[in-house]
Amino acid sequence: MKLRVIQVGVGGFGRGWVEVLARSEEVEVVGLVDVDQQALEEAGEKLGVDELFTNFEEALGKVEADAVLDVTPPTFRTEITLKALKAGRHVLSEKPLALSMEDAKAIVRAADEAGRVYMVSQNYRFNPVPRTIRELLGERAKGKVEYVVVEFQKGPRFVGFRTEMEYPLLVDMSIHHFDLMRYLLDSDVEWVQVESFRPTWSWFRHDPSFFMVLKMADGTLISYSGSWVTRGFETTWNGRWRFACSEGSLLWDNDKLYLSAGTKGRRKAELVDMPLTNQDYSLHEFVSSIREGREPETSGRDNIRSLAVVFASVLSARTGRRVKVEELFGR
Ligand SMILES: NC(=O)c1ccc[n+]([C@@H]2O[C@H](COP(=O)([O-])OP(=O)(O)OC[C@H]3O[C@@H](n4cnc5c(N)ncnc54)[C@H](O)[C@@H]3O)[C@@H](O)[C@H]2O)c1
């Protein structure tokens, strides 16, 4: 039987999710919720769903469903998730898990108590290049990795909450890169040291740029620089990653993966095959974890360790000090 899903937030990034649900054979969309009537009607037409609501609680009470997909802006995440879990629904949510550690912990606890699956769609890791890098590093294809250089440079002209919020890049985007670091190196982040700044030509109210150093629990050092006001020579959304290993290097550049050959040569890496990627993979992993009665790869319990790096980075940017990620867990 197909998993019956209510999608909340069908405009903005939710439009892409409507397409994902439309082509999935594992789910049936039974209700849609959005405060924007036009976005709601467009999504209803696309999916052939006429259970349309402007209020989430009403949808929850009126429509029989197994799960909720939350693609609303982060301010609504905690309320929607806690209500859905309390009503016995499984939840798949867009990133970020929450806007504070307290809320994130409350969500993880609520999912445990309800005995329901809670998963964050941390989609950047669900792609052939990161899957291949993790494999190659795991089997030490180029020896032991000791340091990593990550460069992210983009100049997007957003409209909406991102241009006004504090530390927009660190808070809204870097979660993908922090989660990739944990995934690729199969290790947690131990501490971060951040210098955050606002270039004079910035069109963001608050710092859209930073330089930072991170140390992983396995000892690997990472240099990570990012900017959302770059003019020219942009990287991709994944960024450009160099893995410096004892016998050579791996380079993830322009969404392709290269392995060093000798000291000057390079060869393109063969990538693992993935029939589903990005959000399609997230949805499949979510449905599979429910059917198999197991935790999904990016469950709340796992994802809170990526989210904590965001809050540690903001704390370091604010205070100028090195911040241990464990501090965020109150230990
Ligand atoms: N994984 C990614 O690559 C990626 C990319 C972009 C956005 N996102 C995430 O997706 C989420 C949504 O971001 P967005 O840019 O689409 O935001 P958005 O501001 O465009 O809002 C998305 C939709 O939610 C609706 N909405 C707002 N409040 C609502 C409420 N209380 N109840 C129901 N619907 C409501 C809006 O009307 C809109 O249609 C965020 O958490 C964001 O971080 C993820």
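Sequential numbering from 1 along the given sequence is applied to the chain's residues. One-based numbering, in listed order, for ligands and for the atoms of each.
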(request) Tell me yes or no: between the side chains of Ser313 and Tyr167, is some donor less than 3.5 Å from an acceptor? (result)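 There is no such pair between these side chains.
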(request) Using distance alone, with no hydrogens and no angle criterion, decide if Arg240 and Thr235 have a side-chain donor and acceptor under 3.5 Å apart. (result)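 No, no side-chain donor-acceptor contact under 3.5 Å.
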(message) Given a heavy-atom cut-off of 4.0 Å, could you list the residues near ligand 1 in chain and number order?
(response)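 Lining ligand 1 at under 4.0 Å, by heavy atoms, one finds Val8, Gly9, Gly11, Gly12, Phe13, Asp34, Val35, Asp36, Val71, Thr72, Pro73, Pro74, Phe76, Arg77, Glu94, Lys95, Pro96, Asn123, Tyr124, Arg162, Asp172, His176.
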(request) Anything under 30° is parallel, anything over 60° is perpendicular, the rest tilted; go ahead and classify His177 against Trp241. (result) perpendicular
(request) Please work out which of the three classes, parallel, tilted or perpendicular, describes the rings of His176 and Tyr124, given edges at 30° and 60°. (result) parallel
Return a table of donor-acceptor pairs under 3.5 angstrom between the side chains of residues 10-21 and protein atoms on other chains or two or more places apart.
from  : atom 1 : to    : atom 2 : distance (Å)
Trp17 : NE1    : Glu94 : OE2    : 2.9
Glu19 : OE1    : Lys46 : NZ     : 3.4

(request) Under the side chain to side chain donor-acceptor pair (under 3.5 Å) rule, what do Gln122 and Thr298 come out as? Steps first, then yes or no, please. (result) CA-CA 7 Å; Gln122 205 67 71; Thr298 48; over 6 Å; no
